[in-house]
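Heads up: the structure comes next, in structure tokens.
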Amino acid sequence: MATVTVQHGRRRGQARATPEMQYPPDKMNGGPIGMHLPDGTDLRQVTVLSKADWERIQQQLHRKQMEAERMQKIHEEREAIKNRSKEMVKDWGNTIKGQRQRKLEARKIREQKEEEERMQIDLEEARFQAQQRKEAIEKAKTQQYYQTDRVKSFHSALMLTEVLKEREAQLELKKLKEKANEGQDKEWLAKATREYEEGIKTDQAKAANRIKAAKDNASFQLSQVREHMKQNNQDIEQDRLEGEELQKLAIQYHVEKDRLENIRKAEKKQLLDENLQQIANKKTIKQLQNQQEDEEDEECRIFAAAKRKMMKLRAEKEKQIHDEKQKNLEKIREKLAAQMKQKFDDEDERIRNAVREAEEKRAKEEAEKEAKVRQMINAAAEHRNKQCKFCAFQFLSNQMKEAEQKKKEARRQELEDIRIKQAADEIFRRNEEEKVVRRHEEAKHLKDFHSQQANERKQKDVMTREEQLALDKANMELLAMEEQQFQEYANKVIDHCEKGGRNTYALKKAARAGAGGGSGPIFEGKGGIRPSYMVCDKSGKQMPHYVGDTTEEVKDTIYGKAKSKQRLGFVW
């Protein structure tokens, strides 16, 4: 294979000196001295090209790639020019694209303004909706507040106050009417007497009219009764006729039913007879089939027996068919038996001949084999006689070596077993130690886990208690706030009612401190509620709670002038 080498700056055909040329003269690879490179290249097969030729060859080889790069460069330049042109004309207003761009910008500005207007409308709508929700929430809260038991009780007291005010006004109006009507009693009495007499006359006329109407009604009812009786008689006669017709139909029905029953019984009997006949036919067919099967089985057995002992069965069959042919059959049987015996004797003879030939062949083979073995034994004995001494020594040496080798192998196997047992014991000991350590670690982790659980449970109980206390405190504050709101609302209503001249006793009683509606004392520690005390009988009524001046005097005598929350234990 020729090697091409390019030398820059030298004439064509000149070769540069290589390191092989400077080696001492010797023969390399069987060629002339100094004409091969270290890789085995023969310098006589090297062609040296100039730079222009090399470039021309490279251009020929990479022409497509260079053409593709040139076209890519031209395409990139065109794209750059096109982009630069687009950048120059994109802001011009007298072009279709510029006009479209201005329209799009104007549209965008218009949409932004519309979006801002919609956002403003949505904001106003949101504010309106928020105000509506706030008013609805306030209304719901007010209605919910009005639905509480205490406010409903206060409103009931307010209604009672209004009723009392209305009653007082009615009593006042009644007094004024009585005072205004003091001189008109006689006129009213005369007028009442006159109206009473006119009413009596009117009632008498109405009574006469009622009596006349009752008589007319009675006569009409009598005519109706007669008409009804006549209609009933007609209905009874019609029912009688229908009954007779139904009896005839019933008799006819029973006759037809009996006839149908007789026909049905006859059909059933005929069907039963047909079924019995069909069953009998089936039994007969089955018996015939069984008999046929038995005959076929018998024929099969006879055929099988005849196949095994054909002549014997034939003789027996011929004997059963006709006694006269017995003698002929006996002769035939004897003749056949003699033929079979002759055949068997011939077969035995052939077997004996075959056995004898096989024995002779086997004996010949054994004799040849024994001769070969004897020849080999003689050769071995001759060879053993020549090397008897050496063989005996070699045999004993081999036996001793084998015995020694067996002992070493047994000792090595024993040591190997001991080492395996020791390793197994060591592994077992390590496993047991690791189990102990692991159990200890598990117990430690379990202890830590239990401690952590106990701490978490304790912390959870503390947090629950704190949450409960905080909840109770919040409830107390809420109850106090509700009490304050209720008292403010009640005081405003009571002041308004007092200004209107109404009796506010029921309102003050309903607005007293303490929620719950009971008659007992206020529990300050329970949110200021007022409990109820029930009597211990079946009535289940609530006991009253009176605290009078005597009670307060007794408290002052026992506990002093200071205000005390303690009670003597009496509730009445």
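This is a predicted model, so every value here is computed, not measured. The residues of the chain are indexed from 1 along the displayed sequence.
The side-chain heavy atoms of E482 and L479, taken from C-beta on, include a pair separated by under 4.5 Å. Side-chain contact check for E69 versus K73: every heavy-atom pair is 4.5 Å or farther apart. For the pair K108/L104, no side-chain contact is recorded, criterion being any heavy-atom separation below 4.5 Å from C-beta on. Counting only heavy atoms from C-beta outward, the side chains of E442 and L446 never approach each other to under 4.5 Å. I279 is not listed as a side-chain neighbour of K282, based on a closest heavy-atom distance of 4.5 Å or more. Two residues are said to be in side-chain contact when any heavy atoms from C-beta on lie closer than 4.5 Å; E79 and H75 meet this criterion.
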Self-check item: CA sep, side-chain torsions, deciding dist, call: K139, T142, side chain to side chain contact (heavy atoms under 4.5 Å, CB included)
Solution: CA-CA 5 Å; K139 184 178 179 181; T142 304; 5.6 Å; no
Quiz prompt | Derivation of the side chain to side chain contact (heavy atoms under 4.5 Å, CB included) call for Q131 and R127 | solution = CA-CA 6 Å; Q131 185 66 26; R127 290 175 181 172; over 6 Å; no
Practice problem: May I have the step-by-step check of side chain to side chain contact (heavy atoms under 4.5 Å, CB included) for E76 and Q72, ending in yes or no? | Solution: CA-CA 6 Å; E76 291 177 356; Q72 181 68 21; 3.3 Å; yes
Quiz item: Does the pair I137 and K141 meet the rule for a side chain to side chain contact (heavy atoms under 4.5 Å, CB included), with working shown?
Solution: CA-CA 6 Å; I137 291 170; K141 287 183 178 179; 3.6 Å; yes
Self-check item: CA sep, side-chain torsions, deciding dist, call: E67, R70, salt bridge (charged side-chain N to carboxylate O under 4.0 Å, His left out)
Solution: CA-CA 5 Å; E67 183 68 20; R70 188 177 67 82; 2.4 Å; yes
Exercise. Run the numbers on K113 and E117 for salt bridge (charged side-chain N to carboxylate O under 4.0 Å, His left out), then give the verdict.
Key: CA-CA 6 Å; K113 289 182 179 179; E117 292 177 357; over 6 Å; no
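F428 contributes atom CZ, which lies 6.5 Å from atom NZ of K435 (distance to the nearest 0.5 angstrom). Summarising the geometry, atom CD belonging to Q452 is positioned 8.5 Å from atom CG belonging to D448; distances are rounded to the nearest 0.5 Å. Distance check: K283 NZ to L276 CG gives 9.0 Å after rounding to the nearest 0.5 Å. The line from OG1 of T464 to CD of Q468 is 9.0 Å long, rounded to the nearest 0.5 Å. Q289 CD to Q291 CD: the interatomic distance, rounded to the nearest 0.5 Å, is 11.5 Å. Note that OG of S451 is 12.0 Å distant from NZ of K458, once rounded to the nearest 0.5 Å.
For the side-chain hydrogen bond (donor to acceptor under 3.5 Å, both in side chains) test, no residue two or more places apart in sequence or in another chain qualifies with R457. Among residues two or more places apart in sequence or in another chain, the side-chain hydrogen bond (donor to acceptor under 3.5 Å, both in side chains) test is passed with R56 by none. Checked against side-chain hydrogen bond (donor to acceptor under 3.5 Å, both in side chains), E125 has the following partners two or more places apart in sequence or in another chain: Q129. Applying the salt bridge (Lys or Arg N to Asp or Glu O under 4.0 Å) rule to E409 yields the partners R412; only residues at least two apart in sequence or on another chain are considered. Take Y145 and apply the ring pair (Phe, Tyr, Trp, His ring centres under 6.0 Å) test, not counting sequence neighbours, and it matches no residue.
No more than 12 heavy atoms of other residues, nucleotides or ligands lie within 6.0 Å of CD in Q459, so this atom counts as exposed by the packing criterion. Atom CZ of R438 has more than 12 heavy atoms from other residues, nucleotides or ligands within 6.0 Å. Residue E274 places its CD atom among more than 12 non-hydrogen atoms of other residues, nucleotides or ligands, all under 6.0 Å distant.
A donor-acceptor contact shorter than 3.5 Å links the side chain of T284 to the backbone of A280. Counting only distance, with no hydrogens or angles, the side chain of H62 and the backbone of Q58 share a donor-acceptor pair below 3.5 Å.
With respect to R118 and E115, a salt bridge is recorded, a charged nitrogen being found less than 4.0 Å from a carboxylate O.
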Name the atoms and distances for all side-chain donor-acceptor pairs under 3.5 Å in residues 415-426, with sequence neighbours left out.
from	atom 1	to	atom 2	distance (Å)
E416	OE1	R419	NH2	3.4
E416	OE2	R419	NH2	2.3
D417	OD1	Q413	NE2	3.4
E426	OE1	R429	NE	3.4
E426	OE1	R429	NH2	3.3
E426	OE2	R429	NH2	2.2
E426	OE2	R430	NE	3.2

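Defined by atom type and a distance below 3.5 Å, a donor-acceptor pair is present between the side-chain atoms of N281 and Q277.
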